[in-house]
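Every chain is numbered from 1, with letters handed out A, B, ... down the list of sequences.
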2 protein chains.
Amino acid sequence: MGRKASVDDEQLMDRLSCVFRDVGYEGATLAMLSEATGLKKASLYHRFPGGKEQMAREVLDSAGVWLEEHILAPLKGDGAPADRVKEMARQLDAFYSGGKQACLLNMLSSARIHEGPFTKAIKQIFEAWIEALAAVMADAGVDKREARNRAERGVIMLQGSLVFSRGMGTTRPFREFLKSLPNELLGGEL
Amino acid sequence: MGRKASVDDEQLMDRLSCVFRDVGYEGATLAMLSEATGLKKASLYHRFPGGKEQMAREVLDSAGVWLEEHILAPLKGDGAPADRVKEMARQLDAFYSGGKQACLLNMLSSARIHEGPFTKAIKQIFEAWIEALAAVMADAGVDKREARNRAERGVIMLQGSLVFSRGMGTTRPFREFLKSLPNELLGGEL
DNA sequence: TGAGTTATACCGATCGTTCGGTAATAGTCA
DNA sequence: TGACTATTACCGAACGATCGGTATAACTCA
């Protein structure tokens with residue numbers, strides 16, 4: 001068949017994701033996306049006929065897949081609840097580069113594209129995440145309602161610690177959050 | 001001497017702030033800022049010779065002043081610690097329109113302007129806020145180190161709840177955060 | 001070869017910005 | 001009081017640059 005791509009889809013997603021996470025949707029220009037991927041604009045349009053919006057959309061979708069594989073699946077595993085949570089923390093640490101990289105869910109939820117193509121996907125990811133977290137806590141014997149509260153708080157603190165870390169110019173808040181997360185979720189039940 | 005302004009400085013700041021909080025720095029266009037303020041682009045440049053960057057910078061500065069007046073001053077008041085925290089919650093509820101509006105500190109800390117003109121101001125605001133919060137808790141008898149931890153957690157949860165609320169399309173998380181804030185800060189000392 | 005991939009060149013639109021000029025107020029002096 | 005001037009606020013039109021996007025040709029390799 002044809003010629004092989006100089007950048008495989010996975011690398012492509014990673015590099016596009018990096019740009020969107022750094023500067024958001026509006027901040028990301030095709031020039032930046034081109035430089036980050038090593039592909040010229042026209043080549044990007046070959047891979048993403050839908051343009052910048054499709055790129056962001058697919059990056060968001062692949063983030064959803066990543067969450068499913070690296071976070072939700074381990075959370076639904078059969079180890080001890082505390083171990084599953086600790087595994088999640090490990091994965092999060094890698095995903096956010098120890099707090100250096102922002103969260104796509106925050107960076108892509110600007111109001112410019114109000115009720116736009118991203119809002120639904122973002123909401124779904126948040127919901128799936130919280131549900132899986134609540135399920136783990138339920139396994140650990142936490143009351144269902146309390147489990148949901150703690151799950152939301154966990155996600156909220158993740159987002160907040162990333163925002164705060166970026167604002168303060170240090171990754172310490174994020175790292176401390178990760179450390180406190182298991183106890184935060186399974187506090188009275190360890 | 002000259003002609004009186006059709007929009008006073010305070011209104012101007014409020015309307016510019018609204019745009020930056022909605023769509024961030026890169027997302028905000030002169031066209032949007034012009035429409036939001038009722039001033040034509042050229043008139044905006046009369047008020048802000050430094051252009052868009054000066055607008056964002058002054059909006060950020062005026063947010064710092066607002067924090068000083070409406071948050072830090074009450075926190076340093078002479079009422080009961082719990083009352084001071086509750087007053088802060090009231091002010092925050094108004095400032096963020098019950099969770100409908102995002103935080104400038106989050107929206108202006110994109111990496112596009114890395115180490116740019118906003119980072120220092122953002123950091124200062126975060127620091128002043130946390131210090132004032134920690135002081136209130138110290139007044140309530142909370143251990144100094146613990147007070148600082150809780151203060152940071154408070155700010156982190158504020159940011160996180162705003163991000164989460166926006167992502168989920170509901171203000172409930174923010175409102176619940178506000179409700180839980182006094183107990184979160186002064187939990188064991190009420 | 002010929003399908004698949006990348007590159008060069010280009011497009012209209014919009015970006016942030018600037019400039020020349022006009023509208024409106026305040027002070028001056030008759 | 002009322003023309004004149006100074007000063008400030010505002011706006012229409014245009015700037016160069018860059019935006020996202022699109023042709024079409026050149027290259028690569030099964």
- [ ] Under 4.0 Å between any heavy atoms, over every strand shown, what does B/Ala42 touch: base, sugar-phosphate, or nothing? Just pick one.
- [x] base
Rounded to whole angstrom units, what separation is found between the [atom1] atom of [X] and the [atom2] atom of [N]?
| X | N | atom1 | atom2 | value |
| --- | --- | --- | --- | --- |
| A/Phe48 | C/dT6 | CZ | P | 11 Å |
| A/Lys40 | D/dC27 | NZ | C1' | 15 Å |
| B/Glu26 | C/dG16 | CD | C1' | 13 Å |
| A/Tyr45 | C/dT8 | OH | C1' | 17 Å |
| B/Met55 | C/dC15 | CE | P | 13 Å |
| B/Phe20 | C/dG16 | CZ | P | 9 Å |
| A/Glu53 | D/dG21 | CD | P | 8 Å |
| B/Arg57 | C/dG16 | CZ | P | 20 Å |

Open item on the list: Looking only at the aromatic ring of each residue, does the gap between the centers of B/Phe118 and B/Tyr25 stay below 6.0 angstrom?
Closed with: yes
TODO: Let me see the working for A/Glu87 and A/Arg90 under salt bridge (charged side-chain N to carboxylate O under 4.0 Å, His left out), right down to the final yes or no.
DONE: CA-CA 5 Å; A/Glu87 171 60 16; A/Arg90 247 192 312 271; 2.8 Å; yes
Open item on the list: Looking at A/Lys52 and A/Ala28, would you say the former's side chain and the latter's main chain have a donor-acceptor pair under 3.5 Å?
Closed with: yes
- [ ] Find which nucleotide of DNA chain D each of B/Ala5 and B/Lys41 is nearest to by heavy atoms, and output the residue with the more 5' nucleotide.
- [x] B/Ala5
Task: hbond_proxy A/Lys52 side chain to D/dG21 base (donor-acceptor, 3.5 Å cutoff) - done: no
Task: Row check, A/Phe95 ring normal vs A/Arg21 NZ/CZ: under 6.0 Å, within 45° - done: yes
Task: Spacing of B/His70 atom NE2 and B/Leu92 atom CG [to the nearest 0.5 Å] - done: 11.5 Å
side-chain N/O [X] vs [N] OP1/OP2, d < 4.0 Å:
| X | N | value |
| --- | --- | --- |
| A/Arg47 | C/dT6 | yes |
| A/Thr29 | D/dT18 | no |
| A/His46 | C/dT6 | no |

Task: Among C/dT6, C/dA24, D/dC11, the one nearest A/Ser43 by side-chain distance - done: C/dT6
Task: Residue A/Leu30, side-chain heavy atoms: nucleotide from C/dG16, D/dG20, D/dA9 that is nearest - done: D/dG20
